[in-house]
Amino acid sequence: MKNTLVVLPGPTGVGKTDIAIELALRLGCSIISCDSRQFYREMRIGTAAPDDEQLSRVKHHFTGFLSVTDYYSVSLFERDVLALLPALFAENPVVVMTGGSMLYMDAVCRGMDDIPDTDPAVRQKYLDMYRTDGIAGLRLALKMLDPGYYSRVDLRNPRRLMRALEITESTGRPYSTYLTSTARERDFRIIRAGLTRERSELYRRIELRVQDMLRKGLEEEAASLIAYRGLNALNTVGYREMFSYFDGAITREQAVSLIGRNTRRYARKQLTWWNRDSEINWFDASDTGTIISWTESALKL
RNA sequence: GGGGAGAUACCAAAGUGGCCAACUGGGGCAGACUGUAAAUCUGUUGUCUGAAGACUUCGUAGGUUCGAAUCCUGCUCUCCCCA
């Protein structure tokens with residue numbers, strides 16, 4: 001059998017963790033977590049990371065391997081996963097990857113273009129420009145530095161503008177010239193089983209999960225991380241809202257309802273992203289049996 | 001039984017004679033996205049339509065007016081206070 005990565009994309013709360021574990025046990029393989037927030041060991045409750053019992057059943061990679069203070073990125077993830085896979089395939093020709101981080105998943109499956117690292121000072125420079133001159137300032141700068149990207153980027157999205165500017169200035173080459181929009185060839189097969197549920201059911205599960213997180217101590221976890229709130233890792237649903245509550249800006253009740261709302265929005269955004277991926281075969285996450293049998297037959301092909 | 005307040009689109013809620021198919025928020029639906037991505041940003045949401053536009057809406061039945069979600073009357077319902 002050719003080495004195969006079984007990818008299970010799915011919106012937050014759909015039940016990926018359980019299904020991935022069941023599938024991995026069946027296949028006797030380990031799991032690569034593709035969740036950019038479960039990377040951090042300090043953020044277990046709010047990210048619904050697999051618990052110790054689940055971790056003891058199947059070997060998971062890329063969960064809790066970073067501290068919130070560590071720098072990490074999509075391309076590092078791509079690099080690290082590709083570096084790990086040969087060892088995993090040596091044990092078993094199948095590896096399961098699941099998670100909700102769309103871009104990270106695409107990075108592993110299709111690759112990112114090679115773009116040099118940027119100078120943090122340059123990033124700061126454009127952040128300052130945005131603060132002082134607003135979006136108009138960024139647009140003006142980008143129009144001069146990278147007209148090609150300017151003509152097709154979403155000019156209302158400051159993040160995209162700042163990113164392009166920092167690359168262009170740091171490397172001395174227009175950001176758009178790095179973008180090839182061609183997928184990388186992988187030396188393993190990839191099969192994709194998307195996990196979804198009826199929207200109302202998904203939302204119900206999200207609500208229950210928020211309650212569950214609170215029971216498990218989300219508030220305490222967030223409180224313990226408040227010193228790091230400025231870090232990107234903490235710009236995350238569940239933590240942001242708790243920080244607002246600690247600030248006294250909103251009530252605890254409001255924070256809880258905002259966590260629910262923002263989680264639903266995130267789930268929808270995930271589905272939008274994967275919607276355009278025609279290679280995903282979708283399954284109802286409540287039907288684990290079908291998912292397993294489909295995967296097993298796909299592996300035999 | 002008496003007095004008062006109110007009934008607006010999926011929900012909440014603004015509007016109180018023409019600028020209203022109706023602010024805003026939620027929810028829904030849809031979209032963008034190449035190292036901050038659980039981030040960041042966008043569109044749409046009465047019906048028909050590609051669009052222009054047409055048509056039907058603001059509890060309900062009438063009325064006033066060139067014109068009504070907005071004014072008047074009856075009715076129905078909801079809430080509050082007094083009994």
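These numbers come from the heavy atoms of this one structure, side chains and all, not from hydrogens, waters or symmetry mates. Chain A is the first sequence line, chain B the second, and so forth, proteins listed ahead of strands; every chain is numbered from 1. This one's a predicted model, so the numbers in the text were calculated from it and none came from an experiment.
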With rounding to whole Å, what would you report as the distance between B:C55 and B:G3 at their C1' atoms?
44 Å
Walking RNA chain B from its 5' end, the first of A:Asn275 and A:Gly238 to be reached, judged by nearest nucleotide, is A:Asn275
Taking only the P atom of each, what is the distance from B:G67 to B:U56 in whole angstrom?
16 Å
B:A68 and B:G18: how far apart are their C1' atoms, nearest whole angstrom?
9 Å
Is the CD atom of A:Gln124 crowded by more than 12 outside heavy atoms at less than 6.0 Å?
yes
Look at the side chain of A:Arg159 and the base of B:U36, then say whether one donor and one acceptor between them are separated by less than 3.5 Å.
yes
Judged by nearest nucleotide, the residue sitting upstream toward the 5' end of RNA chain B, A:Ser36 or A:Tyr130, is A:Ser36
Tell me whether the OP1 or OP2 atom of B:G27 has a side-chain N or O from A:Arg264 closer than 4.0 Å.
yes
Distance, C1' atom - from B:C20 to B:C58, rounded to whole angstrom
10 Å
Distance check needed: B:A37 C1' versus A:Gln38 CD, whole Å only.
15 Å
So what's B:A7 paired with, Watson-Crick or G-U wobble, going by both distances under 3.5 Å?
B:U76
Syn within 90° of 0, anti beyond: B:G35 is syn
Regarding A:Arg276 and the six-membered ring of A:Trp273, is the cationic atom NZ or CZ under 6.0 Å from the ring centre and inside 45° of its axis?
yes
A:Tyr149 side chain near B:C33 phosphate (N/O to OP1/OP2, under 4.0 Å)
no
Contact under 4.0 Å: A:Arg152 side-chain N or O vs B:C33 OP1/OP2:
no
Scanning all shown strands, the Watson-Crick or wobble mate of B:G1 with both distances under 3.5 Å is B:C82
How is A:Asn235 classified with respect to the nucleic acid when contacts are heavy atoms under 4.0 Å: base, sugar-phosphate, or nothing?
sugar-phosphate
Base partner of B:A32, which must satisfy Watson-Crick or wobble distances under 3.5 Å:
B:U40
Can you measure A:Leu271 atom CG to B:A32 atom C1' for me and round it to whole angstrom units?
16 Å
Can you tell me, in whole Å, how much space there is between the C1' of B:A69 and that of B:C19?
15 Å
Considering every strand and a 4.0 Å limit on heavy-atom distances, what is the contact class for A:Thr263: base, sugar-phosphate, or nothing?
nothing
Ion pair check, A:Lys125 and A:Asp128, cut-off under 4.0 Å
no
Base, sugar-phosphate, or nothing: which does A:Thr180 touch, judged by heavy atoms less than 4.0 Å apart?
base
side-chain N/O A:Arg123 vs B:U36 OP1/OP2, d < 4.0 Å:
yes
Identify which nucleotide among B:C41, B:G35, B:G31 has an atom closest to any side-chain atom of A:Thr272, counting heavy atoms from C-beta outward.
B:G31
Would you say the rings of A:Tyr104 and A:Phe62 are close, in the sense that their centroids are separated by under 6.0 Å?
no
Interatomic distance where CZ belongs to A:Arg110 and C1' belongs to B:C33 [whole Å]:
14 Å
Nearest whole angstrom, please: distance from the P of B:U40 to the CG of A:Asp154.
14 Å
Assigned partner base of B:C71, Watson-Crick or wobble definition, under 3.5 Å:
B:G63
Taking the basic N atoms (NZ, or NE/NH1/NH2) and the acidic carboxylate oxygens, is any pair closer than 4.0 Å for A:Glu91 and A:Lys59?
no
Step through the shown structure and confirm whether more than 12 heavy atoms of other residues, nucleotides or ligands are within 6.0 Å of CZ on A:Phe89.
yes
OP1 or OP2 of B:A39 sitting under 4.0 Å from any side-chain N/O of A:Arg240?
yes
Reckon A:Tyr175 touches a base, only the sugar-phosphate, or nothing at all at heavy-atom distances under 4.0 Å?
sugar-phosphate
Between C1' of B:U40 and CZ of A:Arg131, the distance in whole Å
15 Å
Taking only side-chain N and O atoms of A:Arg268, does any of them lie within less than 4.0 angstrom of OP1 or OP2 on B:G28?
yes
Length of the CG-P vector between A:Leu76 and B:U36, whole Å
10 Å
With a sphere of 6.0 Å drawn around CD of A:Glu185, does it hold more than 12 non-hydrogen atoms of other residues, nucleotides or ligands?
no
Using a heavy-atom cut-off of 4.0 Å across all strands, would you classify A:Arg199 as base, sugar-phosphate, or nothing?
sugar-phosphate
Which listed nucleotide (B:G35, B:G27, B:A38) is nearest to the side chain of A:Met112?
B:G35
NA contact type, A:Arg276, heavy-atom cut-off 4.0 Å: base, sugar-phosphate, or nothing?
base
State whether A:Arg37 places a side-chain N or O below 4.0 Å from either non-bridging phosphate oxygen (OP1 or OP2) of B:A39.
no
Quick one: is A:Tyr104 getting a side-chain N or O under 4.0 Å of the B:A37 phosphate, OP1 or OP2?
yes
Heavy atoms under 4.0 Å, any strand shown: does A:Thr47 hit a base, just sugar-phosphate, or nothing?
base
CG of A:Asn262 versus C1' of B:A37: gap in Å, rounded?
15 Å
For A:Arg204, is there an ion pair with A:Glu207 - N to carboxylate O distance below 4.0 angstrom?
no
Go through B:G28, B:A38, B:C41 for me and flag the one nearest to the A:Tyr203 side chain.
B:G28
Using the P atom on both, measure B:U57 against B:A9 and round to a whole Å.
15 Å
From the set B:A38, B:G43, B:U36, return the single nucleotide nearest to any side-chain atom of A:Arg156.
B:G43
Check: B:A30 base within 3.5 Å donor-acceptor of A:Lys269 side chain
no
